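By convention here, the first residue in the shown sequence is residue 1. Owing to the predicted nature of the structure, the values given are computational and were not obtained by experimental measurement.
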Amino acid sequence: MRLFIAEKPSMGMEIAKVLSNKNNKSLERSDGFISVGNDVVTWQFGHILELKSASELDPQYEKWSFDTLPIIPQNWQRKIKDDCVKQFNVIKKLIENTDEIIHAGDPDREGELLIRETLIHLNNTKPVKRILLNALDEKSILYALDNLKDDSVFDNLYISAEARTRADWLIGINLTRAYTLIGKDNGLTTSINIGRVMTPTFSLVVQRENEIRQFNATKYYSLTAIFKSNQDEIQTIQTKLKVPDEIKENDYVIDKTLIEDIENKLKKNPLAIISDYTVEKKTEYPLLPYSLSELQLVAGKKYNYEPKLVLDTVQSLYEKKLTTYPRSDCSYLPENQFDNATEILNTLSNIDDNFKTLIQEANPKLKSKAWNDKKITAHHAIIPTAKQCDINNLSETEKNIYKLISTCYIAQFYPAHIYNKTDIKINCNDYIFTATGKTILDLGWKKLYKANHNDEENILPICHKDDKVIFINSNITEGITKPPKRFTPATLLEAMKKIDKFVKAPEVKAILKNVSGIGTEATRASIIEKLLDKNFIAKDKQNLIPTKYGESIYKVLPRFLKTPDITAVWENELGKIAEGTGDVQKFLSGQIKIINEAIKQTKSLKLDIDISKSRCPYCHSILRPVISKKTNLKYWICKNFSTAEDSKCKKGIFSDKDDKPVLIHCNKCRKGYMKKNISKNNNFFWGCDNYPKCKNIMSDKNGLPNSSTNTKRKKLFK
């Protein structure tokens with residue numbers, strides 16, 4: 001018997017279906033597995049094991065104390081997750097009766113780990129093969145079945161994954177305890193979570209907010225000038241002054257008189273000469289197919305979709321076999337999949353009339369730069385499969401994401417976007433004025449996108465170097481410098497992937513760029529959600545801002561936790577381990593050294609956290625700031641709030657005053673809290689949330705209840 005262990009049930013089901021068709025055997029479904037002739041397919045639910053907590057390893061760690069830090073396990077142990085015990089026992093029994101195991105985890109570091117850890121926990125001695133699945137359509141699965149590899153080929157990848165898991169455990173457990181202990185000295189009753197990826201991500205939001213606060217808007221001036229040849233047949237040339245360095249301050253001209261002096265010189269001596277004239281043909285090749293991060297960024301900008309929603313949606317499309325593996329960090333495609341193009345394009349032509357027209361103009365024999373085996377990582381880019389899609393059966397979000405993925409794929413079969421770029425430089429009184437024009441020669445792949453592409457953009461006249469021109473008019477414009485933009489969930493995710501842009505040290509920058517930032521395609525969205533959940537950051541409409549609580553934590557964090565440098569060091573070492581040239585013990589010893597130093601520093605810290613009004617008085621959970629879409633007003637909502645019957649908290653909503661939740665006891669019943677409301681006449685008033693048992697209401701005065709207006713509800717509404 002051959003046993004397939006898939007990463008998740010949906011994958012197991014698809015493998016079983018293909019095995020059934022391939023071998024002409026029927027499916028026999030059982031509790032937790034499917035039999036197909038001599039093959040059996042079972043599945044996990046991702047990780048069904050987890051590293052034991054510190055207190056589970058040793059009872060002495062039940063009490064959080066500096067005396068027991070650092071916690072360095074001598075014997076790492078895993079336990080079965082509570083909700084996975086039944087499926088674990090199914091896998092255990094099947095392994096006992098099998099001859100060969102097929103490891104069907106996702107084709108990456110984490111996928112290798114989560115099946116391996118199960119086999120190791122069960123002391124498996126049966127031979128193990130590896131199937132590498134980048135898509136769940138039948139053709140992809142059949143190809144993978146014909147190209148099984150010995151799982152031993154991936155030993156170093158597993159060792160690298162295990163090293164990363166242990167190092168994350170060491171950082172998280174030890175430093176979360178250390179910072180939580182100093183938080184308790186301030187009266188904090190919840191833990192302060194510290195993580196290798198989570199903490200530098202949250203630090204980006206704080207640092208950006210500090211940049212905005214420190215930003216001073218500056219008024220600046222620029223000069224445009226219009227020139228014309230003495231020959232009437234040449235049209236005017238609108239140019240912009242290239243500002244001389246000697247009159248710039250921080251890249252701007254802030255003294256208007258300096259610009260006015262240049263303008264006056266032009267008027268006094270209008271003669272000028274074309275000092276440079278170039279026409280260069282430019283070629284823009286199609287955008288590469290999407291990795292998950294790129295898809296999340298594009299969907300965030302186009303539809304305001306949260307990264308988590310995009311991941312969940314593309315996961316749903318994957319499980320419906322409409323698209324390939326969703327958690328991909330790659331934008332390229334294997335060359336052996338180029339032959340699938342005609343079939344996939346024919347499928348996409350049935351989406352709607354617009355797609356049918358676009359595909360009629362596509363050339364399936366045209367091979368873009370996307371097909372490149374040398375650029376393939378554990379996955380390839382996210383693309384549509386050949387499975388027919390009934391677009392009307394998809395949700396609105398699924399339609400939008402599917403069309404984004406499909407459009408980008410179709411673009412690979414369109415010619416390049418070609419245009420002439422014209423650059424002119426004019427010298428007048430030793431000042432340089434520049435103009436750039438664009439003439440589109442072939443719209444190419446940009447035809448697929450809805451943006452308005454004019455055939456001609458700022459057409460410039462045909463000129464020659466050393467042609468004489470004359471100044472005829474000018475205009476001084478005034479502008480104001482703008483602060484950097486706050487992060488949105490989509491742009492913060494982009495920053496995580498392109499974290500090298502926020503690093504100055506060249507060697508660290510190079511490593512982070514090479515490993516595609518911090519976090520993984522699968523975890524970045526959930527990390528942002530966790531930062532919101534733990535009250536480190538909050539949402540202000542679409543923007544992310546640090547909370548007062550989060551900023552107070554940030555102030556005492558050591559630099560190495562605020563920056564992504566540690567990830568650069570990790571990924572460099574983990575990459576060597578995966579290649580077989582790294583030393584696991586040396587890697588872990590390095591992390592222990594860092595942890596010891598951090599704990600030593602933490603003991604002397606003092607946290608200044610105002611928590612008096614940051615927790616729900618009903619269930620003591622965290623209150624999070626939210627902006628009402630209806631009124632555009634800020635309010636605070638309990639993490640556990642829900643109107644459902646089994647809700648832990650049904651009352652945890654509070655008004656805002658000076659960026660803090662307003663928790664004011666009702667002065668009548670002394671049981672409820674006063675809540676801000678809007679009357680039918682659009683007037684604000686305050687009412688006890690113990691209504692109808694208490695009918696106390698007050699008018700609003702400067703954003704707070706006016707206690708001098710204690711009255712009954714009917715009187716206020718007369």
Side-chain angles (χ1 to χ4, degrees), residues 6-15 17-18 43 45-46 104 106-108 111 133-141 144 287-333 337 340-341 343-352 354-355 358-359 370 378-412 448 490 493 520-526:
E7 181 164 326
K8 57 184 79 71
S10 59
M11 179 186 286
M13 175 58 71
E14 298 309 321
I15 292 172
K17 288 179 182 177
V18 173
W43 46 80
F45 308 109
D106 282 339
D108 56 13
L133 292 172
N134 274 303
L136 294 182
D137 60 289
E138 185 171 8
K139 189 170 184 178
S140 297
I141 294 175
L287 298 173
L288 291 171
Y290 294 120
S291 66
L292 176 60
S293 290
E294 288 300 324
L295 180 61
Q296 287 169 318
L297 179 64
V298 170
K301 289 180 177 179
K302 187 175 178 66
Y303 299 112
N304 287 326
Y305 289 164
E306 298 283 326
K308 180 68 163 54
L309 175 61
V310 178
L311 173 57
D312 290 345
T313 303
V314 74
Q315 176 70 32
S316 173
L317 293 171
Y318 170 66
E319 292 178 1
K320 292 176 180 178
K321 297 185 285 184
L322 296 174
T323 57
T324 58
Y325 180 73
R327 293 172 174 81
S328 174
D329 60 354
C330 180
S331 297
Y332 292 87
L333 299 168
Q337 289 195 14
N340 301 342
E343 186 179 3
I344 294 174
L345 290 174
N346 287 339
T347 297
L348 297 179
S349 66
N350 296 320
I351 293 177
D352 56 35
N354 179 54
F355 271 81
L358 292 173
I359 289 167
H379 312 287
H380 62 63
I382 305 170
I383 61 172
T385 66
K387 180 179 172 61
Q388 290 291 337
C389 171
D390 185 347
I391 202 76
N392 296 320
N393 285 337
L394 300 182
S395 68
E396 188 65 26
T397 306
E398 287 175 329
K399 287 179 186 176
N400 291 335
I401 297 298
Y402 183 69
K403 286 184 175 182
L404 280 178
I405 295 169
S406 299
T407 301
C408 202
Y409 182 78
I410 297 168
Q412 307 311 309
L448 277 74
L493 186 143
T520 67
E521 303 292 321
T523 61
R524 289 180 185 129
S526 61

Would you find more than 12 non-hydrogen atoms of other residues, nucleotides or ligands less than 6.0 Å from K308 atom NZ?
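Atom NZ in K308 is not crowded, with 12 or fewer foreign heavy atoms closer than 6.0 Å.
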Of all heavy-atom pairs between [X] and [Y], which one has the smallest distance, and what is that distance?
X: Y305; Y: V310; value: CB-CG2, 3.7 Å
X: C408; Y: Y290; value: CB-CE1, 3.7 Å
X: A490; Y: L297; value: O-CD1, 3.8 Å
X: L322; Y: Q388; value: CD2-O, 3.9 Å
X: L309; Y: T313; value: O-OG1, 2.7 Å

Spatial distance of atom [atom1] ([X]) from atom [atom2] ([Y]) [nearest 0.5 Å]:
X: E7; Y: D106; atom1: CD; atom2: CG; value: 3.5 Å
X: I351; Y: D390; atom1: CD1; atom2: CG; value: 11.0 Å
X: M11; Y: I141; atom1: CE; atom2: CD1; value: 8.5 Å
X: L133; Y: I15; atom1: CG; atom2: CD1; value: 5.0 Å
X: I410; Y: I359; atom1: CD1; atom2: CD1; value: 4.0 Å
X: D329; Y: I382; atom1: CG; atom2: CD1; value: 10.0 Å

Salt bridge or not between D108 and R327? Use side-chain N to carboxylate O under 4.0 Å.
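Looking at D108 and R327, the cut-off is not met.
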Less than 4.0 Å between a side-chain N and a carboxylate O, is that true for E319 and K8?
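Answer for the salt bridge query: no.
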From CA spacing to verdict: side-chain contact (heavy atoms from CB on, under 4.5 Å), I391, D352
CA-CA 8 Å; I391 202 76; D352 56 35; 5.8 Å; no
Answer whether the closest heavy-atom distance between the side chains of [X] and [Y] falls below 4.5 Å.
X: W43; Y: M13; value: no
X: I405; Y: V314; value: yes
X: L394; Y: L317; value: yes
X: Y402; Y: K399; value: no
X: L493; Y: S293; value: yes
X: Q296; Y: R524; value: no

Under 3.5 Å donor-acceptor, [X] side chain and [Y] backbone:
X: T407; Y: L404; value: no
X: S328; Y: L292; value: no
X: T347; Y: K387; value: no
X: S316; Y: D312; value: no

Between the side chains of S331 and E294, is a donor N or O closer than 3.5 angstrom to an acceptor N or O?
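Note: S331 and E294 side chains miss the donor-acceptor criterion.
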Run the side-chain contact (heavy atoms from CB on, under 4.5 Å) test on Q337 and I383 for me, step by step, so that the C-alpha distance in whole Å, both residues' side-chain angles and the decisive distance to 0.1 Å come before the verdict.
CA-CA 11 Å; Q337 289 195 14; I383 61 172; 3.9 Å; yes
